[in-house]
Protein chains: 2
Amino acid sequence: MSLSYSHIKDKISESGLKVTHQRIVILNTVLQMDNHPTVEHIYESIKDANPSISLGTVYKTVEAFVNNGLLSKVSTNEGQMRYDPKLDNHGHIYCSNTSEIIDYFDDELNDMILSFFKNKRVSNLKIKNITLQINGDKIDPEKDVLIK
Amino acid sequence: MSLSYSHIKDKISESGLKVTHQRIVILNTVLQMDNHPTVEHIYESIKDANPSISLGTVYKTVEAFVNNGLLSKVSTNEGQMRYDPKLDNHGHIYCSNTSEIIDYFDDELNDMILSFFKNKRVSNLKIKNITLQINGDKIDPEKDVLIK
DNA sequence: TCTTAAATAAGAATAATTATCAATTAGGAA
DNA sequence: TTCCTAATTGATAATTATTCTTATTTAAGA
Ligand SMILES: [Mn+2]
Ligand SMILES: [Mn+2]
Ligand SMILES: [Zn+2]
Ligand SMILES: [Zn+2]
């Protein structure tokens, strides 16, 4: 583990946080999830192999990761925050019938929005990012959503 | 009041909900607020004139309004839902330093996004709406944000 | 190896929201 | 107009997500 986690350790360390076993496990787990998990979901997926890591630590850890640029945070209309290992600018598809959040990457769209706002006068606001939110319902909950 | 609220009453009635004093007061209040209020905020602003309306009723009522197309609901990273009387498609500017949510209407942008997705194949998703989310910080919290 | 500030586990506390249920009421039917 | 009934409400309890507290442990630099 010391060896295979070296990449994770570097990321944590470079972000300015102390490297702890808990943080290694949590970051490694979230990086492998592409479903925008909740804290509870993260906790469930680590606890069998790491029964001593407490739920409170998962809360504190993901929040530290967000504040230090290792994760991003996504809010929904369903009362729970969700976490996202993808840091580059991208949109999200919210399926209200399945509670899924699906990534939507599109360079052409990003460029279009960027150049749109290039021509705008924005006063009294320091923009951090601009994202697109696509709200809808999955038609067949079993199948994937595809936009291309 | 029976007279001046007739427009509000009609809206409630046409949406399929029973017309009650509580609903008239709450809808009338939210329609006049442009700050995307929380339930608590709505409750505070009605309770002096309507001390008998309970907080639970405000929760149930705004949720009924959302389900019946009279209000829309906006989520934030701050643990409270916020309600929006504007129903036509528009984006939001989230100022994380002031917790403000500011409407961003732009027909040109709407058209641009619409025509962008016209040329896309979207499979297995019934799109309800597509909105833009602009995240940033107000520079001078006292002054307004302007994009033009 | 020592030192110390930061992190953790466990559990209590808080805050937003939802559920329960008896009493009231809106609005259609008679 | 009166009656009927399902929907709504107020009061309050319960739930849920998240944060706080504190004693203990630990990472990492001196
Ligand atoms: Mn929330
Ligand atoms: Mn909550
Ligand atoms: Zn994402
Ligand atoms: Zn709005």
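In this text the structure is predicted, and so the values were computed from the model without any measurement. Sequence lines set the chain letters: A, B, ... in the order given, protein chains first and strands last, and positions in each chain run from 1.
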For atom [atom1] of [X] and atom [atom2] of [N], their distance in whole Å:
X	N	atom1	atom2	value
A:Asp10	D:dA28	CG	P	12 Å
A:Phe65	C:dA7	CZ	P	11 Å
A:Asn50	C:dA7	CG	P	19 Å
B:Asn68	D:dA7	CG	P	13 Å
B:Met81	C:dT18	CE	C1'	13 Å
A:Arg82	D:dT18	CZ	P	11 Å
B:Ile53	D:dA11	CD1	C1'	15 Å
B:Glu63	C:dA16	CD	P	16 Å

Task: Charged N-O contact under 4.0 Å between A:Lys86 and A:Asp34 - done: no
Which nucleotide in the set [options] lies at the smallest distance from any side-chain heavy atom of [X]?
X	options	value
B:Lys18	D:dA6, C:dA10, D:dT9	D:dA6
B:Ser52	C:dA9, D:dT18, D:dG10	D:dG10
B:Tyr59	C:dT8, C:dA16, D:dA11	C:dA16
A:Lys60	D:dT18, D:dT21, C:dA7	D:dT21
A:Arg23	C:dA7, C:dG27, D:dA17	C:dA7
A:Thr20	D:dA11, C:dT17, D:dA27	D:dA27
B:Leu17	D:dG10, C:dT17, D:dT8	D:dT8

Open item on the list: Whether the A:His90 and A:Asp84 side chains hold a donor-acceptor pair (N or O, under 3.5 Å, no angle test) is what I'd like checked.
Closed with: yes
Open item on the list: Taking 4.0 Å as the cut-off, does a side-chain nitrogen or oxygen of B:Gln22 come that near to OP1 or OP2 on D:dG10?
Closed with: yes
Open item on the list: Below the 4.0 Å mark, does D:dT9 have OP1 or OP2 next to a side-chain nitrogen or oxygen of B:Thr57?
Closed with: no
- [ ] Assign B:Val39 to base, sugar-phosphate, or nothing according to its heavy-atom contacts below 4.0 angstrom with the strands shown.
- [x] nothing
- [ ] Have a look at B:Thr38 and say if it touches a base, only the backbone sugar-phosphate, or nothing, with a 4.0 Å heavy-atom cut-off.
- [x] nothing
- [ ] Report yes if the side chains of B:Met81 and B:Val39 come closer than 4.5 Å at any heavy-atom pair, otherwise no.
- [x] no
TODO: Assess the pair A:Tyr104 and B:Phe117: is the distance between their ring centroids shorter than 6.0 Å?
DONE: yes
Task: Closest-nucleotide ordering on DNA chain C, the 5'-leading residue of B:Gly56 and A:Pro51 - done: A:Pro51
Open item on the list: If I compare all heavy atoms of A:Ile101 with all of A:His36, which pair ends up nearest, and what's the gap?
Closed with: O-ND1, 3.0 Å
